[in-house]
Each structure stands twice: as structure tokens, then as C-alpha cells.
Amino acid sequence: MRIPAEMPRLKGFRFPREVVAYAVWVYHRFAVSTADVEDLLAERGIIVSRETVRKWVNRFGRHFADCIKRDRPAATDKWHLDEVVVPINGAKIWLWRAVDGSGDVLDILVQPRRNAKAARRFLRRLIARFGQPRVIITDKLRSYIKPIRQLAPDADHRAHKGINNRIEGSHRPTRKREKLMGRFKSPRQAQRFLAAHDQINTVFRPRRYQLSAISYRHARTDAFGLWEDYAAEMTA
């Protein structure tokens, strides 16, 4: 089986952009390693090294994430915020994540602290992009209180761990990939990978339990169409 090449070749790249886009998609869509992607491409008659796959993922993952962010529907005005520890080189690093009322990831930010300054930085970043929220749901971390009062004074802040389950589930894919990758090597790597991974999974993981079989197939077809359009926008 071979991947057809119909789009213009990327300048300076040996393989068609369809091949590069396919490698990036497989790596982010499934819990696989770069070595697994290397084998999948080899079965299709495309011989590349895992290091080449890694470079493709690092270089073009952000392109696809940016395209998805650009074209995604407007976020709801109900936000769920949470932070989870990500051990990196023996140090505790905190992954801050926000999802909207539909469960779609708004943004992530890897930071070394779990204090009010870190919460303010993350909240300012969210408001600058999405505007003021109507409701903010967090756990009982007190570091959220002052930043929310200052940056979103009109928002209804609900601090209760029991009603923040929507975002708790969004951490699971991160844990799965973290285990597969043998932990992240640096905060920069974690930020780069997760910023792309969360956005790509938003498109290719519709809530199947909420959809009929026909609706799910339509959503999947639409996602493949979007991916093809974004691949056509890739630049070297």
C-alpha cells in the first residue's frame, strides 16, 4: 500500500507533503512512538528514520494545531481550569489546562509553579484569546481566587473538586502519552507536544457516545477533509 501524492511537494523535502502530514497525524492520533510510525510508513513503501519522523512532528505539529485553533467554533463562556503535576528530570512541573463547557481544550501551559502568579499568567492568556468567561470552575486551590477576582471580576467562580470532572478526564490522554514516551524530557518539549496533541485530538476524537453511527462517520469524514486542507497549507 502506498500513499498517493497529489499536492505540491514541500520545498527542500524529499517526500510529498501527504507523507509528512500522515506521519504527524498517526503520531498524534494514536498512542504510538516514532518507531511505530517508521514501521507504518515502511509497510507503505516509504523508508524514513524515526529521527526524521520526530523532526516532522516537531516542525509541523504546531502548524496543524494553529490551523485547528483558527477554524474552531467559538468557545463557550463556561470554563473548567485544572493543574496536574508532570515530573520532568526529577522536578515537579505543573501542566495547567483549560477546557470549555463542551469539553474542548482551550489551552495548556507548562509552568514550574502552582501559585497565584502562575494562575494569573494562565488566566490572562486565556482571556486575551477568548474574552471574559461567564463561569469559571476550578478545584479548591486558593491560588485561583485573587487572579480571578482581578482579571474576571464578573465571572461566577465555583471552586469545587466534585464539579470539575469534565477537565479531569482530559488529563488521561496526557498520562497515556507520558507513559509511552518515558516521561517528557523538558518543559519545552512537553509544551510543544501537548499544545499540538490536545488540539488535534479535539478534531479526531468527537464524543462518540453522544453521536449516532451516521453522525460519527460524517464527523470523521469532515475531520479528514480538514486535515487535507491543512496539509495543503503547509510551508517549508
Side-chain angles (χ1 to χ4, degrees), residues 3-32 34 37 40-41 46 48 52-77 79 95-110 122 124-131 167 170 173-174 176-177 181 184 188-208 211 215-236:
I3 299 175
E6 299 175 355
M7 300 180 189
R9 187 182 298 272
L10 281 167
K11 184 178 179 180
F13 282 74
R14 183 161 58 99
F15 293 99
R17 67 178 64 212
E18 288 94 337
V19 173
V20 179
Y22 176 78
V24 176
W25 174 73
V26 168
Y27 184 76
H28 282 289
R29 174 60 182 84
F30 304 101
V32 297
T34 53
V37 178
L40 288 171
L41 291 174
I46 301 165
V48 298
T52 298
V53 173
R54 185 188 68 81
K55 290 180 178 179
W56 289 350
V57 169
N58 290 343
R59 182 163 185 173
F60 295 107
R62 182 173 180 177
H63 161 77
F64 287 103
D66 289 343
C67 289
I68 292 168
K69 289 179 182 179
R70 180 194 67 201
D71 296 341
R72 68 181 296 170
T76 66
D77 57 4
W79 298 353
L95 169 63
W96 297 72
R97 177 181 273 121
V99 305
D100 65 7
S102 301
D104 294 332
V105 177
L106 300 177
D107 201 2
I108 66 104
L109 186 61
V110 178
F122 186 45
R124 186 182 293 116
R125 176 178 168 131
L126 289 169
I127 292 174
R129 183 176 164 204
F130 299 103
I167 195 170
S170 69
T174 299
K176 182 184 292 186
R177 291 308 304 246
M181 298 168 72
F184 297 110
R188 181 181 178 185
Q189 181 211 18
Q191 176 72 37
R192 180 179 58 207
F193 170 77
L194 293 172
H197 184 71
D198 282 2
Q199 295 302 321
I200 292 171
N201 274 268
T202 296
V203 174
F204 285 100
R205 288 183 180 273
R207 290 162 189 79
R208 191 166 188 170
L211 303 173
S215 296
Y216 175 76
R217 290 172 191 145
H218 284 315
R220 184 172 57 190
T221 300
D222 291 343
F224 287 139
L226 282 174
W227 193 261
E228 185 175 346
D229 292 341
Y230 298 155
E233 297 179 31
M234 291 166 58
T235 56

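The figures here come from the full heavy-atom set of this structure, side chains too, leaving out hydrogens, waters and symmetry mates. What you are looking at is a predicted structure, and each value in this text was computed from that prediction instead of being measured.
- At a threshold of 4.5 Å between non-hydrogen side-chain atoms, the residues T174 and R97 count as touching.
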Can you give the donor-acceptor pairs under 3.5 Å from side chains of residues 215-222 to other protein atoms, not counting sequence neighbours?
| from | atom 1 | to | atom 2 | distance (Å) |
| --- | --- | --- | --- | --- |
| S215 | OG | S212 | OG | 3.0 |
| T221 | OG1 | R217 | O | 2.9 |

Let's go through D107 and F122 carefully: what are the C-alpha distance in whole Å and the side-chain angles of both, what is the deciding distance for side chain to side chain contact (heavy atoms under 4.5 Å, CB included) to 0.1 Å, and is it a yes or a no? CA-CA 9 Å; D107 201 2; F122 186 45; 4.3 Å; yes
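- Using cut-offs of 30° and 60° for the angle between ring planes, the F193 and F184 rings count as tilted.
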Step-by-step side chain to side chain contact (heavy atoms under 4.5 Å, CB included) determination, R54 to Y27: CA-CA 9 Å; R54 185 188 68 81; Y27 184 76; over 6 Å; no
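- In this structure, CD1 on I108 lies 6.5 Å from CG on D198, to the nearest 0.5 angstrom.
- With a 6.0 Å radius and a threshold of 12 heavy atoms from other residues, nucleotides or ligands, R188 has its CZ atom at or below the threshold.
- The main-chain N or O of A75 is never found under 3.5 Å from a side-chain atom of D104 such that the two would form a donor-acceptor pair.
- Other residues, nucleotides and ligands contribute only 12 or fewer heavy atoms inside 6.0 Å of the CZ atom of R62.
- One finds the CZ atom of F13 at 7.0 Å from the CE atom of M234 (value rounded to the nearest 0.5 Å).
- Of the residues F30, Y230, F60, the one that meets the ring-ring contact (aromatic ring centres under 6.0 Å, His included) test with W25 is F30.
- Using bins of under 30°, 30° to 60° and over 60° for the plane-to-plane angle, the ring pair W227/F204 lands in the perpendicular bin.
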Go through the steps for Q199 and D66 under the test side chain to side chain contact (heavy atoms under 4.5 Å, CB included), then give the verdict. CA-CA 8 Å; Q199 295 302 321; D66 289 343; over 6 Å; no
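- Between Y22 and F15, every side-chain heavy-atom pair lies at or beyond the 4.5 Å cut-off.
- Between V203 and R72, the closest side-chain pair of non-hydrogen atoms is not below 4.5 Å.
- A search for salt bridge (Lys or Arg N to Asp or Glu O under 4.0 Å) contacts involving D100 returns nothing, not counting sequence neighbours.
- Counting heavy-atom neighbours within 6.0 Å of K55 NZ, excluding the residue itself, gives a total of 12 or less.
- For the salt bridge (Lys or Arg N to Asp or Glu O under 4.0 Å) test, no residue two or more places apart in sequence or in another chain qualifies with R192.
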Verdict with supporting geometry, R29 and R205, side chain to side chain contact (heavy atoms under 4.5 Å, CB included): CA-CA 8 Å; R29 174 60 182 84; R205 288 183 180 273; 3.3 Å; yes
